[in-house]
A.B. asks: 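This structure is in structure tokens; I'll ask about it shortly.
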Amino acid sequence: MTTSPSPTTRVSQPAPSGDFPGRTLGIVGLIVSFFASLVGLIISIVALKQSKDAGYKNTPALAGIIVGSVTLVLAVVFFATSLAALSVGSTGY
């Protein structure tokens, strides 16, 4: 015989944690993307994927993807123009 809980009995739910999957990693990815764009970009993509799989929105990870992408493009452009300037300067013209 099973007894059902009385109407006044409450089943306590665990308190929701303030952290969701990928949140901390998203913040880390955002910070790292300012200094090492490719590494920060990869970390932010992983964090966004973890959050999406858990059903959460991860704004820091999205910002890390944007910042990492922009800084990576700027670094490539800077590197290419530096190589072009060095090759022109070394010919003596």
Side-chain angles (χ1 to χ4, degrees):
M1 173 194 254
T2 60
T3 54
S4 60
S6 64
T8 58
T9 305
R10 291 186 180 186
V11 178
S12 65
Q13 297 285 335
S17 64
D19 200 17
F20 55 84
R23 180 178 181 196
T24 304
L25 197 58
I27 294 169
V28 169
L30 175 61
I31 293 169
V32 170
S33 65
F34 284 106
F35 305 106
S37 58
L38 184 60
V39 176
L41 182 63
I42 292 169
I43 292 172
S44 296
I45 290 171
V46 169
L48 187 64
K49 174 85 170 97
Q50 286 179 355
S51 296
K52 277 191 177 181
D53 289 346
Y56 291 99
K57 184 178 178 184
N58 194 343
T59 306
L62 184 61
I65 290 171
I66 293 168
V67 170
S69 299
V70 169
T71 55
L72 184 62
V73 167
L74 289 175
V76 168
V77 168
F78 178 75
F79 183 72
T81 55
S82 296
L83 282 179
L86 286 175
S87 65
V88 169
S90 64
T91 59
Y93 293 110

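We're numbering straight along the sequence, starting at 1. Values below: every heavy atom of this structure, side chains too, minus hydrogens, waters and symmetry copies. None of these values were measured; they are calculated from a predicted model.
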A.B. asks: Hey, what do you get for CG (Leu30) to CD1 (Ile66), rounding to the nearest 0.5 Å?
C.D. replies: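 Result: 10.0 Å between the selected atoms.
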A.B. asks: Shortest non-hydrogen contact from Gly68 to Ser37?
C.D. replies: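 Minimum heavy-atom contact is O-CB, 3.6 Å.
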A.B. asks: Should Asp53 and Lys49 count as side-chain neighbours, where that means a heavy-atom distance under 4.5 Å?
C.D. replies: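 Asp53 reaches Lys49 side chain to side chain.
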A.B. asks: Is the side chain of Ser44 donor-acceptor paired with the backbone N or O of Gly26 at a distance under 3.5 Å, no angle test?
C.D. replies: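 A pair under 3.5 Å: no.
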A.B. asks: Report yes or no: do Ile45 and Leu38 belong to one cluster of Ile/Leu/Val/Met/Phe/Trp/Tyr joined by side chain heavy-atom distances under 4.5 Å?
C.D. replies: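 Per the 4.5 Å side-chain linkage, Ile45 and Leu38 are co-clustered.
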A.B. asks: I need the Leu25 CG to Asn58 CG distance, nearest 0.5 Å.
C.D. replies: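 Taking CG in Leu25 and CG in Asn58, the distance rounds to 8.5 Å.
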A.B. asks: Between CD1 of Ile43 and CD1 of Ile27, what distance do you get to the nearest 0.5 Å?
C.D. replies: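 So the gap between those two atoms works out to 13.0 Å.
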A.B. asks: Does a side-chain heavy-atom distance below 4.5 Å link Val67 with Phe34?
C.D. replies: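 They are in contact (side-chain heavy atoms under 4.5 Å apart), so the answer is yes.
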A.B. asks: So which atom in Ala84 and which in Ser87 form the shortest heavy-atom distance, rounded to 0.1 Å?
C.D. replies: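 Shortest heavy-atom contact: O-OG, 2.9 Å.
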A.B. asks: Answer yes if Leu41 and Val46 sit in the same cluster of Ile, Leu, Val, Met, Phe, Trp and Tyr residues linked by side chain heavy atoms under 4.5 Å apart, and no otherwise.
C.D. replies: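 No, Leu41 does not connect to Val46 through the hydrophobic network.
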A.B. asks: Would a distance-only check, ignoring hydrogens and angles, find a side-chain to backbone donor-acceptor pair under 3.5 Å from Ser51 to Leu48?
C.D. replies: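 Not confirmed, Ser51 side chain does not pair with Leu48 backbone.
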